[in-house]
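Letters A, B, ... are given to chains in the order of the sequence lines, protein chains preceding strands, and every chain is numbered from 1. Being a predicted model, the structure only gives us computed values, none of them experimental.
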Protein chains: 2
Amino acid sequence: MSEQTVEELVADVFSRACTSREALEHVTGKWSLLALSALAESPHRFGELRRRIEGVSEKMLAQGLQTLERDGWVHREVRSTIPPHVEYRLTEAGAELVPHLLGLIDFVEGRMPAVRAARAAADRARLPR
Amino acid sequence: MSEQTVEELVADVFSRACTSREALEHVTGKWSLLALSALAESPHRFGELRRRIEGVSEKMLAQGLQTLERDGWVHREVRSTIPPHVEYRLTEAGAELVPHLLGLIDFVEGRMPAVRAARAAADRARLPR
DNA sequence: GTATGGCACTAACCATCGGTTAGTACTGCT
DNA sequence: AGCAGTACTAACCGATGGTTAGTGCCATAC
């Protein structure tokens, strides 16, 4: 066994010990997913992202960006100015991740009529049971 | 304007009014994502899913399955037997959704070494700031 | 007889996290 | 003076995730 631990070798999402579970949760988080999508368009400053993503609070945005930065999907660049000037851009890894997310988003968006129909049918049948 | 409402026409994830946001949250939810992945392998009974996905509680599993069923991604089939016999399988929509999810999962799994390295570097640099 | 297991949930409860609101410090404008 | 811009964070409280117990029937074991 090399320097890798057992934990590092587990890459099975069904296993409780799978470390990619947490990483998946991060990138699919409600606000993170939207931040990544916005950054796919172009680098953004904090406030630009805030305005781009309707409904996100500064707190939730900051939190998500911090996580994305720590995991290596997003690069944060600080300029020592007043007022603060912080810019976020996708890392190389982030740029490779985003098409997967956008594919999913596009797919679900395209399926919304069916989702709505399914919900109406389910509610008509009075689910939950 | 036909019978569709403005809300139904909004399919922009950046908009607060976008109805696909909720649907996205559902399919990317921690346990739902895993349930969908397991059902991609084969239909499962409730207990089979529970055992397949380490770490999920019956409560969280039932909750996720209910949501997936209501949105139309999963079909739930009940047999009137004692003990209960409930089987879950992907709907046609679900079967089209799942490759997107699996692609994302595979990608993130493959990137875990880089994610771990990024975290180590970030923590060494003492993030959060 | 009792106890336990199987099945698929749900109720009750509590810990954790999401979201709201207020605050920070500097500059510039009204 | 107040307000706006900038990018966060602290304090607080409500919502949701997760734990534990419970349901009712049948079968098996002691």
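- For the pair A:Lys30 NZ and D:dG17 P, the interatomic distance rounds to 11 Å; values are reported in whole Å.
- Look at CG on A:Leu34: it is 11 Å from P on C:dG19, rounded to the nearest Å.
- Distance alone, capped at 3.5 Å, places no donor-acceptor pair between the A:Glu69 side chain and the A:Gln66 backbone.
- The shortest distance between side-chain heavy atoms of A:Leu49 and A:Val56 does not fall below 4.5 Å.
- A:Glu25 places its CD atom 12 Å from the C1' atom of C:dC17, with the value rounded to the nearest Å.
- Counting to the nearest Å, the P atom of C:dG6 and the CZ atom of B:Arg79 are 19 Å from each other.
- Residues passing the salt bridge (charged side-chain N to carboxylate O under 4.0 Å, His left out) test with A:Glu58 are A:Arg50, sequence neighbours excluded.
- Distances shown here put every side-chain N or O of A:Trp31 at or beyond 4.0 Å from the OP1 or OP2 atom of C:dG18.
- Going from atom CG of A:Leu61 over to atom P of D:dC8 covers 9 Å, rounded to whole Å.
- Across the protein-nucleic acid pair, A:Glu77 atom CD and D:dA7 atom C1' stand 15 Å apart, rounded to whole Å.
- Between B:Arg45 and B:Pro84, the closest heavy-atom pair is NH2-O, 3.2 Å.
- When distances are taken from the side chain of A:Gln66 to each of C:dG19, D:dG24, D:dT9, the shortest belongs to D:dT9.
- Atom CD of A:Glu87 and atom P of D:dC8 are 12 Å apart (whole Å).
- When distances run from any side-chain atom of B:Tyr88 to the nucleotides C:dC9, D:dA7, D:dG18, the shortest one goes to C:dC9.
- Across the protein-nucleic acid pair, B:Met60 atom CE and C:dT16 atom C1' stand 12 Å apart, rounded to whole Å.
- Residue A:Pro83 is the one, among A:Gln63 and A:Pro83, whose nearest nucleotide of DNA chain D lies closer to the 5' end (criterion: closest heavy atom).
- Among the nucleotides C:dG19, C:dC7, D:dC8, the one closest to the side chain of A:Arg76 is D:dC8.
- A donor-acceptor distance shorter than 3.5 angstrom exists from the side chain of A:His44 to the backbone of A:Ser42, with no hydrogens or angles considered.
- Environment of CD in A:Glu92: sparse, with no more than 12 heavy atoms of neighbouring residues, nucleotides or ligands closer than 6.0 Å.
- Ion pairing of A:Lys30 with B:Glu22 is absent here, as no side-chain N (NZ or NE/NH1/NH2) approaches a carboxylate O to less than 4.0 Å.
- Heavy-atom distances under 4.0 Å link DNA chain C to A:Ser57, A:Lys59 of residues 36-59 of chain A, given in residue order.
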